[in-house]
Chemist: 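Right, I'll just put the structure down here and ask away after.
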Amino acid sequence: MSTSDEIHNGRDTLRYVRLALLVLPLLLVVAIVIYGILNGKVEDSISSYYLGPSRDLFVAMLVATGVMLVVYKGAALEDYALNLAGFYAIFVALVPTRLGQTLSMLDTHAQIQLIRSVQISVVAVLVVSAVFVWLEWKTTKWSPRSLHISKLSKMLTIASTVLLIAFIGLLLWRSIEGTDFAGVHYAAALLLIISMGVAIASHLGREDLCDTDTSGGRSTHYAVLLVLMALGIVGWLVLTVMGISQALFIVEWYEIGLFTYFWYLESRRLWNYPALAPRTPREFPQQPSQ
């Protein structure tokens with residue numbers, strides 16, 4: 001039986017994780033605004049800031065966000081999707097965008113050093129991730145069946161797993177190849193967005209997100225978020241056809257804004273959970289995984 005202090009501490013920890021996920025993007029927003037004022041321009045994508053003075057903040061924000069997405073626990077499918085999103089976020093941060101272009105401006109020795117540093121980072125993250133998965137498997141009462149509670153969740157789980165295997169295959173291939181890690185950065189960014197969408201989709205049809213819940217978590221909110229995220233991809237294609245050079249930059253922040261709003265909804269809905277007073281199954285039918 002958990003004590004009152006343990007419940008308070010656990011609830012406060014989750015509160016701060018959600019709040020941190022809300023404010024972390026501000027690091028890069030402030031840096032980009034200052035950069036734009038000083039240089040009089042906006043880059044064509046967020047990833048382009050990796051090559052500039054905002055690199056450290058870009059990497060710090062994504063790695064910190066990735067770690068917290070992995071640490072955060074929710075219902076089975078949501079937890080799986082957020083773990084994947086955190087995994088991909090770290091590779092968006094550690095594998096440079098336009099690495100081939102950067103390498104072309106370096107001498108042979110510097111090229112080897114840069115490639116070697118990326119290879120070391122990739123292997124390190126893969127090893128640590130494998131250890132984390134093993135520890136999770138050994139210490140948590142978890143079953144793959146918990147991800148297959150409906151046809152939608154089963155389909156999303158299978159699709160997410162197939163994409164994960166394909167991405168790991170790409171990582172290993174590019175690491176062994178040892179050239180410019182072509183496609184890794186953008187694949188990780190795309191899969192990050194897809195995983196965020198799966199996390200949002202996991203809320204659809206849940207009984208605890210009924211229309212009487214006015215604390216921020218209505219199923220219609222999550223359905224609208226998914227539609228808006230899909231429209232963002234369409235918008236990127238339209239803006240690109242129109243010749244707008246910052247099309248990707250606009251869509252990236254649009255998607256980040258939607259996911260930030262998702263965390264705002266979750267923060268409101270779960271602010272007082274778990275509560276000290278006993279709750280009925282109707283109010284909290286699903287317990288977070290331990």
Side-chain angles (χ1 to χ4, degrees), residues 20-66 68-69 81-82 84-102 163 167 181-201 221-267:
L21 286 166
L22 280 172
V23 302
L24 266 176
L26 287 177
L27 280 173
L28 200 55
V29 170
V30 173
I32 287 174
V33 169
I34 295 175
Y35 179 87
I37 293 174
L38 294 179
N39 294 278
K41 68 173 184 177
V42 176
E43 299 292 344
D44 56 3
S45 72
I46 295 176
S47 301
S48 296
Y49 288 92
Y50 184 99
L51 304 176
S54 299
R55 171 182 175 175
D56 291 343
L57 283 178
F58 176 84
V59 173
M61 183 201 75
L62 281 171
V63 171
T65 298
M68 282 191 289
L69 287 174
L82 292 178
L84 292 180
F87 178 75
Y88 296 133
I90 291 175
F91 285 104
V92 173
L94 297 181
V95 180
T97 181
R98 301 175 184 170
L99 181 56
Q101 178 181 338
T102 302
L163 290 173
F167 179 73
F181 284 82
V184 171
H185 181 91
Y186 292 109
L190 177 61
L191 291 172
L192 169 59
I193 294 175
I194 291 174
S195 296
M196 292 190 302
V198 172
I200 295 173
H221 289 163
Y222 301 101
V224 170
L225 277 175
L226 282 173
V227 172
L228 291 176
M229 289 184 75
L231 289 177
I233 304 300
V234 176
W236 171 67
L237 295 174
V238 172
L239 292 175
T240 301
V241 171
M242 293 173 60
I244 298 178
S245 59
Q246 280 79 30
L248 183 57
F249 179 84
I250 294 170
V251 172
E252 284 175 330
W253 277 114
Y254 170 80
E255 299 287 356
I256 290 174
L258 290 176
F259 197 58
T260 300
Y261 182 66
F262 164 73
W263 283 112
Y264 164 74
L265 290 178
E266 292 299 275
S267 296

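Source: prediction; values computed, not measured.
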Chemist: Give the minimum heavy-atom separation between Val251 and Leu239, together with the two atoms involved.
Modeler: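 That closest heavy-atom pairing would be CG2-CD1, 4.5 Å.
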Chemist: Can you sort out the partners of Tyr254 under side-chain hydrogen bond (donor to acceptor under 3.5 Å, both in side chains), two or more places apart, ordered by chain and number?
Modeler: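 Tyr254 satisfies side-chain hydrogen bond (donor to acceptor under 3.5 Å, both in side chains) with no residue once adjacent residues are dropped.
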Chemist: Please report the interatomic distance CG(Leu27) to CG(Asp56), rounded to the nearest 0.5 Å.
Modeler: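 Going from CG on Leu27 over to CG on Asp56, the span is 11.5 Å.
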Chemist: If we only count heavy atoms from C-beta on, is the Trp236 to Thr240 side-chain gap below 4.5 Å?
Modeler: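 Of all side-chain heavy-atom pairs linking Thr240 with Trp236, at least one is under 4.5 Å.
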Chemist: Could you report the tightest heavy-atom contact between Ala81 and Ala199, atom names first, then the distance?
Modeler: CB-N, 3.6 Å
Chemist: Any side-chain heavy-atom pair from Leu237 and Val241 closer than 4.5 angstrom?
Modeler: no
Chemist: If you round to the nearest 0.5 Å, how far is CD1 of Ile194 from CG of Leu190?
Modeler: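 It comes to 4.0 Å.
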Chemist: Are any non-hydrogen side-chain atoms of Val92 and Phe58 less than 4.5 angstrom apart?
Modeler: yes
Chemist: If you compare all heavy atoms of Met229 against all heavy atoms of Gly197, which two are closest, and at what distance to 0.1 Å?
Modeler: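 Taking Met229 first and Gly197 second, the nearest heavy atoms are CE-N, 4.0 Å.
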Chemist: On a heavy-atom basis, which atom in Ala20 and which in Met68 lie closest, and how many Å separate them?
Modeler: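 Scanning both residues, the minimum pair turns out to be CB-SD, 3.5 Å.
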Chemist: Using every non-hydrogen atom in the two residues, find where Ala93 and Val63 come nearest and quote the distance to one decimal.
Modeler: CB-CG2, 3.9 Å
Chemist: Using side-chain heavy atoms (C-beta onward) and a distance below 4.5 Å, is Phe249 in contact with Ile32?
Modeler: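 Yes, their side chains come closer than 4.5 Å.
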Chemist: What is the ring orientation for Phe262 with Phe259, classed by angle as parallel under 30°, tilted 30 to 60°, or perpendicular over 60°?
Modeler: parallel
Chemist: Using side-chain heavy atoms (C-beta onward) and a distance below 4.5 Å, is Leu84 in contact with Leu163?
Modeler: no
Chemist: Distance from Leu258 atom CG to Leu226 atom CG, nearest 0.5 Å?
Modeler: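 So the gap between those two atoms works out to 10.0 Å.
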Chemist: Under the rule for ring-ring contact (aromatic ring centres under 6.0 Å, His included), what residues qualify as partners of Phe87, not counting sequence neighbours?
Modeler: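 ring-ring contact (aromatic ring centres under 6.0 Å, His included) check on Phe87 returns Phe91.
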Chemist: With the side chain counted from C-beta on, respond yes when Ile233 and Glu255 share a heavy-atom pair under 4.5 Å apart, and no when they do not.
Modeler: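 SC-SC contact between Ile233 and Glu255 confirmed.
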Chemist: Return the minimal non-hydrogen interatomic distance between Tyr88 and Leu192, and the atom names on each side.
Modeler: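 Taking Tyr88 first and Leu192 second, the nearest heavy atoms are CD1-N, 3.9 Å.
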Chemist: When rounded to the nearest 0.5 angstrom, what distance separates CG in Leu24 from OG1 in Thr260?
Modeler: 9.5 Å
